[in-house]
Amino acid sequence: QVQLVESGGGLVQAGGSLRLSCAASGRTVSNSVRAWFRQTPGKEREFVAAINGNPGYTTYAESVRGRFTISRDNAKNTVYLQMNSLKPGDTAVYYCAAGNVGLRAAQSYNYWGQGTQVTVSS
């Protein structure tokens, strides 16, 4: 089975930075759409950022644009999310996703990681 495993979450003060990574179990997902979502209790899973393999188009939620950067290393089957200027509102469980179509809709993604907690203190 295809598996996505996130890492890099943790506790950081407001204004700080974290880099999340998501490693995939197989090469099949290397050229797929890769995305990050986040979720807090009582809210729908929220789109954060996505990247295509070819030509590498990226898109971001307005709430993170200019602060977060998504990138990928296909040779390592890994996608990254560099998060700068973190705010308390960024606190959430962050999920890595992979799919064949779609960029912002959670239901368009076929594979999901287990999530990694990001907590931003004030």
Can you check whether [Y]'s main-chain N or O pairs, donor with acceptor, with [X]'s side chain at less than 3.5 Å?
{"X": "Ser63", "Y": "Ala61", "value": "no"}
{"X": "Glu6", "Y": "Gln114", "value": "yes"}
{"X": "Arg45", "Y": "Thr40", "value": "no"}
{"X": "Ser25", "Y": "Gln3", "value": "yes"}

Next item on the list: Indicate if Trp36 and Val12 have the same hydrophobic cluster label, given that clusters are the connected sets of ILVMFWY residues with side-chain heavy-atom separations under 4.5 angstrom.
Entry: yes

Check: With respect to Ile51, which candidate in Leu103, Val33, Val79 satisfies the side chain to side chain contact (heavy atoms under 4.5 Å, CB included) definition?
Finding: Val79

Notebook entry, point to check: Do Ser17 and Asn84 meet the criterion of a side-chain donor-acceptor pair at a distance under 3.5 Å?
Noted result: yes

Within this structure, what is the [atom1]-[atom2] distance for the pair [X] and [Y], rounded to the nearest 0.5 Å?
{"X": "Tyr95", "Y": "Leu4", "atom1": "OH", "atom2": "CG", "answer": "13.0 Å"}
{"X": "Leu20", "Y": "Tyr94", "atom1": "CG", "atom2": "OH", "answer": "7.5 Å"}
{"X": "Ile70", "Y": "Gln82", "atom1": "CD1", "atom2": "CD", "answer": "12.0 Å"}

Checklist line | Trace of the side-chain contact (heavy atoms from CB on, under 4.5 Å) decision for Leu86 with Phe68 | finding: CA-CA 9 Å; Leu86 283 162; Phe68 292 9; 3.8 Å; yes

Locate the shortest heavy-atom distance separating [X] from [Y]; write the atom from each residue and the value.
{"X": "Gly99", "Y": "Ser32", "answer": "O-CB, 3.0 Å"}
{"X": "Ala105", "Y": "Ser108", "answer": "O-OG, 2.7 Å"}
{"X": "Arg34", "Y": "Cys22", "answer": "NH2-O, 3.2 Å"}

Next item on the list: For the pair Trp112 and Cys96, evaluate side-chain contact (heavy atoms from CB on, under 4.5 Å) and give the outcome as yes or no after the intermediate values.
Entry: CA-CA 6 Å; Trp112 293 87; Cys96 177; over 6 Å; no

Next item on the list: Check step by step if side-chain contact (heavy atoms from CB on, under 4.5 Å) holds for Val118 and Met83.
Entry: CA-CA 10 Å; Val118 171; Met83 304 185 294; 3.9 Å; yes

Item checked: Residues forming a side-chain hydrogen bond (donor to acceptor under 3.5 Å, both in side chains) with Ser7, sequence neighbours excluded -> Ser21

Notebook entry, point to check: For residues 85-96, which residue pairs qualify under salt bridge (Lys or Arg N to Asp or Glu O under 4.0 Å), counting only residues two or more places apart or in two chains?
Noted result: Arg38-Asp90, Arg67-Asp90

Check: Do Thr69 and Leu81 have side chains that get closer than 4.5 Å, going by heavy atoms?
Finding: no

Checklist line | Proximity of Phe47 and Phe37 rings by center, below 6.0 Å | finding: yes

Note to self: Does Thr116 form a side-chain contact (heavy atoms from CB on, under 4.5 Å) with Val93? I'd like the steps, not just the answer.
What the structure shows: CA-CA 5 Å; Thr116 186; Val93 176; over 6 Å; no

